[in-house]
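Structure first, commentary second.
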Amino acid sequence: GSGNGVLVNLNGEIVGFIRRENGSMAMISAISISDLKSLIELLSNGMDVPYLGLYVSTVTKSIADQYDLPQGIYINSVEMDSPAMEANLLSGDVIVEMDGTKINNTEEYRNLLFTYSPGDNVRVVVERLGNDGYTKVSCTAEIGVLE
């Protein structure tokens with residue numbers, strides 16, 4: 001009923017999680033255990049989990065072509081009072097780069113995010129839609145702690 005749950009393989013092993021995006025049944029995503037490996041390692045070692053407060057999805061080439069979007073990481077939503085909100089990152093922005101590293105998909109985004117420590121500053125370059133189409137905008141966010 002909630003739209004949240006686990007993915008189980010034929011051997012009964014948990015291989016991923018399903019979650020609703022922003023409380024909407026229209027947007028459901030699946031996350032594989034391998035995508036969560038870095039997070040699990042941090043938590044099992046008692047370390048803080050780096051946090052920006054973004055819900056993101058990958059803009060593939062076919063999606064970019066179909067919807068006239070830049071390729072990168074589409075920001076579906078920004079959590080209230082998060083480091084991303086303080087940095088002026090907006091829903092609808094497309095992340096294309098973090099600290100000089102090109103970002104192509106959510107896995108690269110997560111892996112790069114987990115290399116930072118809380119308190120670190122990260123320069124995020126996004127493509128933002130304006131009156132004249134998409135333009136590059138640079139924002140600086142201070143990495144927070146997932147609580």
Side-chain angles (χ1 to χ4, degrees), residues 2-7 14-147:
S2 70
N4 298 317
V6 295
L7 295 172
I14 295 175
V15 295
F17 297 93
I18 300 171
R19 71 177 187 85
R20 289 187 304 165
E21 302 276 338
N22 305 325
S24 165
M25 287 303 288
M27 292 288 293
I28 296 176
S29 63
I31 303 169
S32 74
I33 290 293
S34 59
D35 286 344
L36 297 174
K37 184 180 177 200
S38 299
L39 174 63
I40 293 167
E41 287 177 4
L42 288 170
L43 291 171
S44 65
N45 290 320
M47 299 174 70
D48 290 330
V49 176
Y51 164 79
L52 280 178
L54 296 172
Y55 292 99
V56 297
S57 55
T58 301
V59 178
T60 63
K61 178 165 178 24
S62 63
I63 291 171
D65 292 344
Q66 184 176 358
Y67 296 101
D68 197 27
L69 293 166
Q71 280 186 257
I73 305 303
Y74 185 85
I75 299 177
N76 296 311
S77 65
V78 179
E79 287 191 9
M80 294 294 292
D81 301 322
S82 67
M85 180 174 267
E86 291 176 20
N88 197 32
L89 292 168
L90 305 173
S91 296
D93 286 350
V94 179
I95 299 172
V96 294
E97 184 181 305
M98 288 174 58
D99 275 347
T101 301
K102 186 169 172 42
I103 304 294
N104 298 302
N105 57 55
T106 55
E107 183 178 358
E108 290 177 0
Y109 165 76
R110 272 193 222 79
N111 289 340
L112 186 57
L113 179 62
F114 289 154
T115 65
Y116 294 100
S117 298
D120 289 348
N121 286 314
V122 58
R123 188 176 140 268
V124 181
V125 177
V126 299
E127 292 276 352
R128 181 169 292 163
L129 184 58
N131 293 335
D132 298 325
Y134 282 92
T135 57
K136 284 193 178 181
V137 175
S138 180
C139 303
T140 301
E142 182 177 327
I143 302 294
V145 176
L146 180 64
E147 294 183 23

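Atom CG of Leu69 and atom CD of Gln66 lie 9.5 Å apart (nearest 0.5 Å). Atom NZ in Lys102 sits 12.5 Å away from atom CD1 in Ile95 (nearest 0.5 Å). With values rounded to the nearest 0.5 angstrom, Tyr74 atom OH is found 7.0 Å from Ser91 atom OG.
In this structure, a donor-acceptor pair under 3.5 Å is present between the side chains of Thr60 and Ser62. Between Asp99 and Tyr116, the side chains place a donor N or O and an acceptor N or O closer than 3.5 Å (distance only, hydrogens not considered).
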Per-pair distances, 0.1 Å, donor-acceptor, side chain in residues 134-142, under 3.5 Å, sequence neighbours excluded:
from: Ser138; atom 1: OG; to: Arg123; atom 2: NE; distance (Å): 3.1

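Closest approach of Ala64 and Pro70 over heavy atoms only: CB-C, 4.4 Å. Heavy-atom minimum distance, Leu112 versus Thr115: O-OG1, 2.6 Å. Between Ile103 and Met98, the shortest heavy-atom contact is CG1-N, 4.0 Å. Here the closest non-hydrogen pair linking Pro50 and Phe114 is CD-CD2, 3.9 Å. When all heavy atoms of Val78 and Met85 are compared, the closest pair comes out as CG1-N, 3.6 Å. A pairwise comparison of heavy atoms in Ala84 and Leu54 identifies CB-CD2, 3.4 Å as the closest pair.
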Derivation of the side chain to side chain contact (heavy atoms under 4.5 Å, CB included) call for Val56 and Tyr109:
CA-CA 9 Å; Val56 297; Tyr109 165 76; 4.0 Å; yes
Quick one: do Val59 and Ile73 satisfy side chain to side chain contact (heavy atoms under 4.5 Å, CB included)? Show the steps, please.
CA-CA 6 Å; Val59 178; Ile73 305 303; over 6 Å; no
Can you list the steps and then say if Ile143 with Tyr51 is a side chain to side chain contact (heavy atoms under 4.5 Å, CB included)?
CA-CA 6 Å; Ile143 302 294; Tyr51 164 79; 5.7 Å; no
Before you tell me yes or no, could you show the steps for Arg128 and Asn88 under side chain to side chain contact (heavy atoms under 4.5 Å, CB included), namely the whole-Å CA-CA distance, both residues' side-chain angles and the distance that decides it to 0.1 Å?
CA-CA 11 Å; Arg128 181 169 292 163; Asn88 197 32; 3.8 Å; yes
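Listed by first and then second residue, the salt bridge (Lys or Arg N to Asp or Glu O under 4.0 Å) pairs that reach into residues 63-81 are Lys61-Asp65, sequence neighbours excluded.
In this structure the side chain of Leu90 never reaches within 4.5 angstrom of the side chain of Ile75, judged on heavy atoms. Between Val126 and Val94 there is no side-chain heavy-atom pair separated by less than 4.5 Å.
In this view, Asn121 satisfies the side-chain hydrogen bond (donor to acceptor under 3.5 Å, both in side chains) rule with no residue, not counting sequence neighbours.
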